[in-house]
Every structure is written in structure tokens, then in C-alpha cells.
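Data first, discussion second: the structure below is written as C-alpha cells.
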Amino acid sequence: QVQLVESGGGLVQAGASLRLSCAASGRAFSNYNMGWFRQAPGKEREFVAAISWTGSNTYYADSVKGRLTISRVNAKNTVYLQMNSLNPEDTAVYYCAVLRGRFGSSSYHDYDSWGQGTQVTVSS
């Protein structure tokens with residue numbers, strides 16, 4: 001069972017950038033497709049981005065395309081989410097997870113091994 005720990009969140013102003021990290025335990029990390037989700041207060045958990053186990057394939061929610069970039073370094077057991085041009089609508093707790101379903105899924109039912117999340121707050 002892989003364990004995930006997110007970090008890198010914080011309070012920033014609109015237009016700023018942040019890079020989130022998701023550190024994984026376990027030697028099998030490089031075999032997993034991975035994803036990022038976010039959950040704002042009073043809203044359902046929302047898919048953000050996912051990356052294949054090799055790092056060569058990615059896909060994104062339409063709302064973040066062109067602003068957020070997912071990447072990974074398997075030698076460091078880490079997945080990243082680079083967030084640029086942040087706006088208040090990006091305020092949420094951000095979670096990483098392992099994709100167990102088909103690559104291309106944006107349903108949280110296809111993901112597991114969720115981390116504890118990291119808070120991102122964007123002020124206007």
C-alpha cells in the first residue's frame with residue numbers, strides 16, 4: 001500500500017504561482033498512474049490532472065488547462081503540480097491519489113491511497 005503526503009500549499013495573491021508536491025512511500029511508485037484532485041468548501045472533490053507512470057502522458061480538467069502542469073520524478077517518488085496564474089476559484093484543499101482505473105478517468109472512484117491534502121488559498 002502506497003502512502004502519499006502532499007505539501008507546498010499556502011496563501012497567495014491572485015496571479016501568483018505555487019508548486020505542490022506529493023511524496024510517495026514504497027518502491028512501486030514508478031508503476032502507478034497518479035492524479036491530483038481538489039475540494040473547495042461545500043463542493044465535491046474535483047479532478048484536476050493526471051499523469052501516466054512513465055510521465056509521458058497527461059490530461060487535465062478544462063478549467064485548469066494552460067495554467068496547471070502535472071509532472072513527476074520517479075527517482076524521487078514525487079509528483080508535482082505547478083500552478084500558475086492562480087485565481088480565487090482555485091482555492092481548495094489539493095489531494096494526490098493513485099489511479100487504479102483506466103488512464104483517462106476523472107472519477108474519484110477510480111483513485112485511491114489519498115493523501116491528507118494541502119490547503120491552497122488565493123486572495124483577490
Side-chain angles (χ1 to χ4, degrees):
Q1 181 80 3
V2 64
Q3 292 185 324
L4 304 174
V5 178
E6 301 93 337
S7 61
L11 171 62
V12 298
Q13 291 188 331
S17 297
L18 279 175
R19 188 177 78 159
L20 306 183
S21 298
C22 171
S25 64
R27 291 175 291 177
F29 171 78
S30 61
N31 295 334
Y32 298 136
N33 299 322
M34 300 291 297
W36 284 96
F37 281 71
R38 66 186 181 185
Q39 189 165 18
K43 295 188 177 181
E44 293 188 351
R45 194 163 296 191
E46 173 190 30
F47 170 77
V48 174
I51 189 166
S52 63
W53 63 276
T54 62
S56 59
N57 293 293
T58 60
Y59 57 99
Y60 298 88
D62 288 341
S63 59
V64 306
K65 281 181 181 177
R67 297 190 301 116
L68 275 58
T69 303
I70 189 171
S71 63
R72 67 191 297 164
V73 178
N74 286 341
K76 294 185 176 183
N77 276 15
T78 303
V79 177
Y80 301 98
L81 186 66
Q82 177 66 42
M83 309 169 67
N84 298 329
S85 301
L86 286 163
N87 59 65
E89 289 69 39
D90 295 315
T91 295
V93 177
Y94 284 72
Y95 301 89
C96 64
V98 176
L99 172 57
R100 303 293 185 181
R102 64 171 180 85
F103 188 73
S105 172
S106 60
S107 170
Y108 68 85
H109 295 292
D110 288 329
Y111 292 77
D112 68 10
S113 302
W114 298 88
Q116 85 291 346
T118 185
Q119 176 71 49
V120 172
T121 304
V122 184
S123 63
S124 58

Go through it in stages, so that I can follow the logic: the residues are L20 and T118, the test is side-chain contact (heavy atoms from CB on, under 4.5 Å), and I'd like the CA-CA distance, side-chain angles, deciding distance and then a yes or no. CA-CA 8 Å; L20 306 183; T118 185; 4.0 Å; yes
Show your working on side-chain contact (heavy atoms from CB on, under 4.5 Å) between V48 and L81 and close with a plain yes or no. CA-CA 9 Å; V48 174; L81 186 66; 4.2 Å; yes
N31/F29 under side-chain contact (heavy atoms from CB on, under 4.5 Å): CA gap, chis, key distance, verdict: CA-CA 5 Å; N31 295 334; F29 171 78; over 6 Å; no
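Between the side chain of N33 and the main chain of F103, no donor-acceptor pair closer than 3.5 Å is present. In this structure, the side chain of Q116 engages the main chain of E6 through a donor-acceptor pair within 3.5 Å. In this structure, Q82 contributes its side chain and I70 its backbone to no donor-acceptor pair below 3.5 Å. Using a distance-only test at 3.5 Å, with no hydrogens or angles considered, a donor-acceptor pair links the side chain of T78 to the main chain of K76. A donor-acceptor pair is defined here as one N or O able to donate and one able to accept, closer than 3.5 Å; no such pair exists between the side chain of T91 and the backbone of T121. A donor-acceptor contact shorter than 3.5 Å is absent between the side chain of R45 and the backbone of Y95.
Taking the side-chain contact (heavy atoms from CB on, under 4.5 Å) definition, one finds that D90 meets it with R38, R67, L86, N87, Y94, V122, sequence neighbours left out. Listed by chain and number, the residues in a ring-ring contact (aromatic ring centres under 6.0 Å, His included) with F47 are F37, Y59 (sequence neighbours excluded). In this structure S124 satisfies the side-chain contact (heavy atoms from CB on, under 4.5 Å) test together with P88, sequence neighbours excluded.
The cationic group of R100 does not satisfy the cation-pi geometry with Y111, failing either the under 6.0 Å distance to the six-membered ring centre or the 45° limit from the ring axis.
Taken to the nearest 0.5 Å, the CZ atom of R72 stands 7.0 Å off from the OG atom of S52. Going from atom CG of D110 over to atom CZ of R102 covers 7.5 Å, rounded to the nearest 0.5 Å. With values rounded to the nearest 0.5 angstrom, Q39 atom CD is found 10.0 Å from E46 atom CD. Taking OG of S113 as the start and CG of L99 as the end, the distance is 11.0 Å to the nearest 0.5 Å.
A salt bridge (Lys or Arg N to Asp or Glu O under 4.0 Å) check over residues 47-64, counting only residues at least two apart or in different chains, returns the pairs D62-K65.
The closest side-chain heavy-atom distance from V79 to L4 is not below 4.5 Å. Residues L18 and V120 meet the side-chain proximity criterion, which asks for heavy atoms closer than 4.5 Å. The closest side-chain heavy-atom distance from R19 to M83 is not below 4.5 Å.
Chaining together hydrophobic side chains whose heavy atoms lie under 4.5 Å apart leaves V5 on its own. The hydrophobic cluster containing V73, built from Ile/Leu/Val/Met/Phe/Trp/Tyr side-chain heavy atoms closer than 4.5 Å, also comprises Y80.
When all heavy atoms of A24 and V2 are compared, the pair lying nearest together is CB-CG2, 3.9 Å. Closest approach of C22 and W36 over heavy atoms only: CB-CZ2, 3.6 Å.
Checking S107 against S105 by side-chain atom types alone, no donor-acceptor pair falls below 3.5 Å.
More than 12 heavy-atom neighbours from other residues, nucleotides or ligands sit within 6.0 angstrom of CH2 on W114. Heavy atoms from other residues, nucleotides or ligands lying under 6.0 Å from CD of Q119 number more than 12.
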